[in-house]
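Take a look at the structure set out below.
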Amino acid sequence: MNILANWHLGRALRLVFGIYAAYLGIFNQDYLSGAIGIFFLYQAFTNTGCCGTNACSTSPNNVKQQETEYVEFEEIEQGKKS
């Protein structure tokens, strides 16, 4: 596990939010804020999300693009109203 590799915006936001929540938890003696801060810090350092195993991520679509099928349309005239 390399803590300095694969940083992206979501991981950086978890780190910033974790530091802020842990700070609030320590100085306000609020255990819930501290626990949330530790949770987000853990996620930032281990590069995991809420799913843990990245089960929420989608795999790339390997299906080949089919050629566009052209459809002919026929205009239908309406009868004149008198």
Side-chain angles (χ1 to χ4, degrees):
M1 173 175 64
N2 190 353
I3 294 177
L4 300 177
N6 299 327
W7 281 89
H8 48 81
L9 181 62
R11 190 173 177 188
L13 287 175
R14 285 192 292 260
L15 178 67
V16 169
F17 185 73
I19 291 170
Y20 179 69
Y23 171 81
L24 287 178
I26 291 169
F27 287 103
N28 290 336
Q29 296 179 352
D30 182 15
Y31 297 117
L32 181 62
S33 295
I36 291 172
I38 290 171
F39 174 70
F40 278 103
L41 286 172
Y42 171 77
Q43 284 185 337
F45 288 132
T46 59
N47 196 19
T48 57
C50 293
C51 295
T53 61
N54 289 332
C56 297
S57 65
T58 58
S59 60
N61 190 1
N62 292 334
V63 177
K64 292 182 180 179
Q65 294 276 341
Q66 295 181 356
E67 291 186 28
T68 304
E69 182 180 327
Y70 292 100
V71 179
E72 286 188 34
F73 292 97
E74 182 179 327
E75 289 188 28
I76 300 176
E77 292 185 26
Q78 291 183 353
K80 292 185 181 179
K81 293 184 180 179
S82 348

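If you're wondering where the values come from, they're calculated on a predicted model, not measured in any experiment.
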Would you be so kind as to tabulate the donor-acceptor pairs closer than 3.5 Å made by side chains of residues 69-77, with sequence neighbours excluded?
none

* Any link between Tyr31 and Leu24 through a network of hydrophobic side chains (Ile, Leu, Val, Met, Phe, Trp, Tyr) touching at under 4.5 Å? -> no
* Return the minimal non-hydrogen interatomic distance between Gly37 and Ala21, and the atom names on each side. => CA-CB, 3.6 Å
* To do: Identify whether Ile26 and Tyr20 are in the same connected component of the hydrophobic contact network (ILVMFWY, side-chain heavy atoms under 4.5 Å).
  => yes
* Asked: Quick one: NE2 on His8 to CG on Asn47, what's the gap to the nearest 0.5 Å?
  -> 4.5 Å
* Quick one: does Leu15's side chain get under 4.5 Å of Trp7's, heavy atoms only? -> yes
* Asked: When rounded to the nearest 0.5 angstrom, what is the spacing between CZ in Phe45 and CZ in Phe40?
  -> 14.0 Å
* To do: Find the distance between CZ (Arg14) and CD1 (Ile19) and round it off to the nearest 0.5 Å.
  => 13.5 Å
